Student: 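The structure under discussion is supplied below as structure tokens; questions concerning it will follow.
So that the names make sense, note that chain A is the first sequence line, chain B the second, and so on, each numbered from 1. Since we're looking at a predicted model, the values are computed, not measured.
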There are 2 protein chains.
Amino acid sequence: MLKLTKKADYGLMALKYLAEHPENPALSAKDVADAYGIPAQLLAKILQLLTKNGLLKSHAGMNGGYALARDAREISAYEVIHAIDGPFFITSCTKGAKSCELTPSCTIKEPLARVNDTIAGVLKSISIQDLAEHEQPAHRQHAAQRLVALTL
Amino acid sequence: MLKLTKKADYGLMALKYLAEHPENPALSAKDVADAYGIPAQLLAKILQLLTKNGLLKSHAGMNGGYALARDAREISAYEVIHAIDGPFFITSCTKGAKSCELTPSCTIKEPLARVNDTIAGVLKSISIQDLAEHEQPAHRQHAAQRLVALTL
DNA sequence: CTATATCCGACTTCTTCAGTCCGCATTCAG
DNA sequence: CTGAATGCGGACTGAAGAAGTCGGATATAG
Ligand code: FES
Ligand code: FES
């Protein structure tokens with residue numbers, strides 16, 4: 001419940017790794033998988049997904065591999081999750097109109113949609129670069145929490 | 001991925017329903033289930049969970065049922081989700097020390113833990129009363145998003 | 001040509017979620 | 001006292017999704 005899939009997790013880790021090694025023009029799926037000890041074939045598929053969604057550039061053949069398609073600052077965690085796991089919905093029923101059978105009765109959907117948007121906003125505001133920086137400016141985190149608590 | 005379970009959804013709906021009917025001293029699981037068209041036995045178990053965690057008061061026997069244990073303003077969405085689905089973790093690995101095998105390699109965990117805390121904060125700031133009020137002050141939502149975007 | 005890559009679909013396995021069933025305990029109306 | 005209505009709680013089944021594997025096709029550098 002409300003958990004990131006391992007795939008999304010792996011994807012974020014891989015992008016972070018690429019962001020930390022800008023000197024290499026291309027790192028293979030195996031390189032990254034070995035670095036983190038995660039299944040190579042699985043990671044490969046994830047990277048393919050990210051490529052298909054324009055977050056990575058790929059190069060086949062020897063010495064091939066993947067590289068970030070954009071600057072690490074221009075790739076958000078939201079994009080990664082969306083590319084790997086598809087549309088982002090906290091609730092079982094997608095907001096898009098008719099999909100839910102018990103729509104007439106359930107008035108809970110709207111407030112939850114607001115929560116959904118807030119979470120999406122937070123994820124959109126986090127870039128791969130942020131993940132790659134080991135420094136965690138804690139004060140910014142606290143400020144954000146204060147503000148969220150105040151305003152919702 | 002990153003979805004609320006239906007149980008948590010049902011739980012929120014039920015609490016909202018109870019909050020909207022304060023005149024009744026006790027509504028049975030069946031009453032609420034019928035009102036929303038959800039499986040009665042399933043809802044029953046959910047309400048039992050909420051009772052065990054101190055969010056509801058129950059009364060067995062004829063004309064028995066459930067009532068809010070506290071004021072609707074004093075029950076947060078976070079509590080409901082926690083009571084039904086257990087501890088709240090966005091990531092596969094619980095932050096509590098050793099549980100994750102690939103901890104040495106994965107440095108992604110910490111930033112994600114911050115996201116986790118932020119989401120938890122948002123959920124804690126939402127009360128059952130908020131859900132029961134049909135008015136949605138949209139401007140507050142927008143303000144929150146702006147602030148989150150600015151500060152993270 | 002060959003080794004190393006990406007690419008892509010099908011597949012198995014495992015876990016979790018959703019929902020059901022059944023027996024027991026509690027309370028109250030008659 | 002008795003029985004209907006209700007909560008309580010474990011065991012169970014089926015469906016869905018996630019995690020991971022396999023095999024083959026294609027591209028490319030040396
Ligand atoms: S669960 Fe679909 S409208 Fe509420
Ligand atoms: S997944 Fe466990 S430490 Fe990152």
Side-chain angles (χ1 to χ4, degrees), chain A residues 1-11 13-14 18 24-34 36-53 55-67 69 81 84-87 89 91-93 100-102, chain B residues 1-11 13-14 18 24-34 36-67 69 81 83-87 89 91-93 100-102:
Chain A
M1 64 78 169
L2 220 37
K3 263 195 182 60
L4 244 43
T5 60
K6 271 204 172 97
K7 289 183 190 175
D9 219 343
Y10 292 161
M13 288 160 70
L18 291 177
N24 291 53
L27 288 164
S28 75
K30 189 173 182 306
D31 290 338
V32 182
D34 287 351
Y36 289 117
I38 59 187
Q41 297 199 88
L42 183 53
L43 215 220
K45 274 209 305 202
I46 295 167
L47 295 182
Q48 286 163 29
L49 266 177
L50 293 174
T51 304
K52 196 155 64 178
N53 286 84
L55 304 187
L56 290 178
K57 281 178 303 188
S58 65
H59 184 62
M62 281 188 74
N63 305 320
Y66 299 90
I81 295 172
I84 296 175
D85 284 336
F89 288 118
T91 42
S92 356
C93 55
C100 186
E101 333 75 46
L102 33 91
Chain B
M1 64 78 170
L2 218 41
K3 263 194 181 61
L4 242 45
T5 60
K6 273 209 173 88
K7 288 183 192 177
D9 219 343
Y10 292 161
M13 288 160 70
L18 291 177
N24 291 52
L27 289 164
S28 76
K30 189 171 180 309
D31 291 338
V32 182
D34 287 351
Y36 289 117
I38 58 187
Q41 297 199 84
L42 183 54
L43 216 220
K45 275 212 302 203
I46 295 166
L47 295 182
Q48 284 164 30
L49 265 177
L50 293 174
T51 303
K52 196 155 65 178
N53 286 84
L55 304 187
L56 290 178
K57 283 177 300 185
S58 65
H59 184 63
M62 280 189 76
N63 303 320
Y66 299 90
I81 295 171
I84 296 176
D85 285 335
F89 287 118
T91 43
S92 355
C93 55
C100 187
E101 331 76 45
L102 32 92

Student: Could you state the atom-to-atom distance from CG of A:Leu49 to P of C:dT6 in whole Å?
Tutor: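 Answer to the nearest Å: 14 Å.
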
Student: Look up atom CG in A:Leu4 and atom CD1 in A:Ile81, then write down how far apart they are to the nearest 0.5 Å.
Tutor: 4.5 Å

Student: Distance from B:Leu50 atom CG to B:Ile84 atom CD1, nearest 0.5 Å?
Tutor: 4.5 Å

Student: I need the minimum non-hydrogen distance between B:Ala33 and B:Ala40, along with the two atoms involved.
Tutor: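 Taking B:Ala33 first and B:Ala40 second, the nearest heavy atoms are CB-CA, 3.6 Å.
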
Student: Any chance you could measure B:Lys3, atom NZ, to A:Leu2, atom CG, to the nearest 0.5 Å?
Tutor: 10.5 Å

Student: Taking CG from B:Asn24 and C1' from D:dT6, how many angstroms apart are they, rounded to a whole number?
Tutor: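 So the two atoms are 15 Å apart, to the nearest Å.
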
Student: How many Å lie between CD1 on A:Ile38 and C1' on D:dG20, as a whole number?
Tutor: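 Distance, rounded to whole Å: 12 Å.
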
Student: According to a strict under-4.0 Å criterion, is A:Tyr10 in side-chain N/O contact with OP1 or OP2 of D:dA19?
Tutor: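 No, outside the criterion.
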
Student: Only counting residues at least two apart or in another chain, list the ones meeting salt bridge (Lys or Arg N to Asp or Glu O under 4.0 Å) with B:Lys30.
Tutor: B:Asp34

Student: Let me know the distance between CD1 of A:Ile81 and C1' of D:dA18, rounded to the nearest Å.
Tutor: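 Rounded to the whole Å, the gap is 16 Å.
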
Student: How many Å lie between CD1 on A:Ile46 and P on D:dA18, as a whole number?
Tutor: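 Going from A:Ile46 (CD1) to D:dA18 (P), I get 12 Å.
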
Student: Could I get a table of every N or O pair under 3.5 Å where one atom is in the protein and the other is in nucleotides 1-5 of chain C?
Tutor:
unit_1, atom_1, unit_2, atom_2, d
C:dT4, O2, A:Met62, N, 3.4
C:dA5, O4', A:Gly61, O, 2.9

Student: At their closest point, which heavy atom of A:Ala44 faces which heavy atom of A:Ala29, and how far apart are they?
Tutor: CA-CB, 3.9 Å

Student: Within the 4.0 Å limit for protein heavy atoms, which parts of nucleotides 8-13 of chain C are touched? Write it as a string from 5' to 3', B for base, S for sugar-phosphate only, - for none.
Tutor: B-B---

Student: Could you state the interatomic distance from CG (A:Leu43) to CD1 (A:Ile38), rounded to the nearest 0.5 Å?
Tutor: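 A:Leu43 atom CG to A:Ile38 atom CD1 measures 3.5 Å (nearest 0.5 Å).
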
Student: Could you tell me the separation between the CE atom of B:Met13 and the C1' atom of C:dA18, rounded to a whole number of Å?
Tutor: 15 Å

Student: For C:dC7, take OP1 and OP2 only and decide whether either is under 4.0 Å from a side-chain N or O of A:Ser58.
Tutor: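 True: A:Ser58 side-chain N/O within range (under 4.0 Å) of C:dC7 OP1/OP2.
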
Student: Can you check the B:Lys6 NZ to C:dT20 P distance for me, whole Å?
Tutor: 12 Å

Student: If you round to the nearest 0.5 Å, how far is CG of B:Leu55 from CG of B:Leu18?
Tutor: 11.0 Å

Student: Among all residues two or more places apart in sequence or in another chain, which pass the side-chain hydrogen bond (donor to acceptor under 3.5 Å, both in side chains) test with A:Thr5?
Tutor: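 So A:Thr5 forms a side-chain hydrogen bond (donor to acceptor under 3.5 Å, both in side chains) with A:Asp85.
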
Student: How would you list, by chain and number, every residue that makes a side chain to side chain contact (heavy atoms under 4.5 Å, CB included) with A:Pro39, sequence neighbours excluded?
Tutor: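 Applying side chain to side chain contact (heavy atoms under 4.5 Å, CB included) to A:Pro39 gives A:Tyr10, A:Leu42.
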
Student: Measure the CD1-CE distance between B:Ile46 and B:Met13 for me, rounded to the nearest 0.5 Å.
Tutor: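 Between B:Ile46 CD1 and B:Met13 CE, I get 10.0 Å after rounding to 0.5 Å.
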
Student: Would you tabulate the pairs of protein nitrogen or oxygen atoms and nucleotide nitrogen or oxygen atoms of nucleotides 14-16 of chain D closer than 3.5 angstrom?
Tutor:
none

Student: Can you tell me how far C1' of D:dG23 sits from CG of A:Leu42, to the nearest Å?
Tutor: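 Those two atoms, CG and C1', are 16 Å apart.
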
